[in-house]
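Contents: one structure, followed by commentary.
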Number of protein chains: 2
Amino acid sequence: MTLEEKTVPVVFKALCDENRVRILQYLRSGEKCACMLLEDLDIAQSTLSHHMRVLCDSGLVRGRKEGKWMHYSISQEGVQRAMVLLAALGDVETEEAGKPCCER
Amino acid sequence: MTLEEKTVPVVFKALCDENRVRILQYLRSGEKCACMLLEDLDIAQSTLSHHMRVLCDSGLVRGRKEGKWMHYSISQEGVQRAMVLLAALGDVETEEAGKPCCER
DNA sequence: CTATAATATTGAAATATCTAAATATATCGA
DNA sequence: TCGATATATTTAGATATTTCAATATTATAG
């Protein structure tokens with residue numbers, strides 16, 4: 001597994017803002033429509049819309065349009081993909097027997 | 001598991017910059033000293049130092065001082081902690097049987 | 001078709017982040 | 001102690017992000 005430098009930031013930017021983490025927290029209790037989130041979060045509507053775009057771009061959240069309402073939910077597949085990317089980090093190659101990188 | 005809104009961004013900011021992902025990529029082949037990273041990455045020394053601080057603050061990387069050299073390596077514990085945080089997202093509560101949030 | 005309601009987009013200000021040069025600190029060897 | 005080397009911190013400019021008001025778009029009801 002090789003980490004792609006361009007795509008990894010797009011995925012994890014979702015988790016780099018306090019408000020987006022709060023939104024994800026809400027979504028853990030199931031699919032929510034934007035109006036619901038707007039009630040609970042005390043942010044402007046355009047701000048919510050911006051954050052939902054970032055979340056959807058990351059793949060961690062899925063948006064479903066139903067009439068004039070947008071319903072958002074956590075994407076299991078997206079979370080799984082992110083887990084794989086993160087796990088790749090922990091997957092360190094076999095240590096090259098104490099080879100020193102600098103003269104001592 | 002409950003996601004803490006303040007701490008989660010600190011952890012995942014590590015993965016939100018292309019250069020930091022490249023650094024993590026390098027560290028996958030084992031512990032590296034700063035001078036090594038500096039050679040490979042084509043960025044200023046102060047820039048590297050800044051990124052290493054962000055990485056260490058996230059807990060994903062551990063720094064070890066040896067004389068005048070700093071050695072950096074991926075922290076298995078840190079990656080594990082991040083995995084737990086991320087997994088909490090996928091752990092969605094039992095869906096409340098299609099309860100609609102908006103009038104239709 | 002028109003009015004209304006939900007969401008998206010645009011524009012602009014405030015704030016944060018990235019970058020590098022200059023400087024500071026720490027360690028080692030002479 | 002002095003000079004050289006590795007890394008950290010400070011400062012400042014460039015860029016990106018967050019936020020909200022205003023406006024645009026889309027869908028539904030009448």
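Quick note: numbers below take in every heavy atom, side chains included, and nothing from hydrogens, waters or symmetry partners. To find a chain, count down the sequence lines: A is the first, B the second, and so on, and within it residues start at 1.
Separation of atoms CG (A:L89) and CD (B:Q76) is listed at 9.5 Å; rounding is to 0.5 Å. Rounding to the nearest 0.5 Å places SG of A:C33 at 11.5 Å from NZ of A:K68. Annotation: the span from A:F12 atom CZ to B:K13 atom NZ amounts to 14.5 Å, rounded to 0.5 Å.
By the side-chain hydrogen bond (donor to acceptor under 3.5 Å, both in side chains) test, B:Q80 is found to be paired with no residue, residues two or more places apart in sequence or in another chain being considered. In this structure B:D17 satisfies the side-chain hydrogen bond (donor to acceptor under 3.5 Å, both in side chains) test with no other residue, sequence neighbours excluded.
Rounded to whole angstrom, the span from the NE2 atom of A:H71 across to the P atom of C:dA8 amounts to 12 Å. Here the P atom of nucleotide D:dA16 and the CD atom of B:E18 are 12 Å apart, to the nearest Å. For the pair B:D57 CG and D:dA8 P, the computed distance is 12 Å after rounding to whole Å. With rounding to whole Å, A:R53 atom CZ is found 16 Å from D:dT19 atom P. As rounded to whole Å, 13 Å separates atom P of C:dA6 from atom CE of A:M36. As rounded to whole Å, 14 Å separates atom P of D:dA6 from atom CG of B:L37. Going from atom CG of A:L55 over to atom C1' of D:dT17 covers 14 Å, rounded to whole Å. Atom C1' of nucleotide D:dT25 and atom CE of A:M70 are separated by 14 Å, given to the nearest angstrom.
B:V61 approaches B:L27 most closely through the heavy-atom pair CG2-CD1, 3.9 Å. Of all the heavy atoms in B:W69 and B:C35, the pair that sits closest is CD1-SG, 4.2 Å.
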Give every pair of a protein N or O atom and an N or O atom of nucleotides 24-28 of chain C that lie under 3.5 Å apart, one pair per line with the distance.
none

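Without hydrogens or angle criteria, A:E66 side chain to A:H71 main chain gives no donor-acceptor distance under 3.5 Å.
By the 4.0 Å N-to-carboxylate-O rule, A:R62 lies too far from A:E31 to be salt-bridged with it.
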Enumerate donor-acceptor pairs with a distance under 3.5 Å from any side-chain N or O in residues 40-60 of chain A to protein atoms, sequence neighbours excluded.
unit_1	atom_1	unit_2	atom_2	d
A:H51	ND1	A:R20	NH1	3.1
A:S58	OG	A:L55	O	2.6
A:S58	OG	A:L60	N	3.0

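Counting atom types as modelled, A:Q45 pairs no side-chain N or O with a base atom of C:dA6 as donor and acceptor under 3.5 Å.
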Checking side chain to side chain donor-acceptor pair (under 3.5 Å) for the pair A:R22/A:Q25: CA distance, chi angles, key distance, verdict? CA-CA 5 Å; A:R22 282 207 294 152; A:Q25 190 72 279; over 6 Å; no
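Rounded to 10 degrees, the angle separating the terminal helix axes of the helix from C:dC1-D:dG30 to C:dA30-D:dT1, each built from five base pairs, is 20°.
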In B/S/- notation, 5' to 3', how is nucleotides 14-21 of chain C contacted by protein heavy atoms closer than 4.0 Å? ---SSBBB
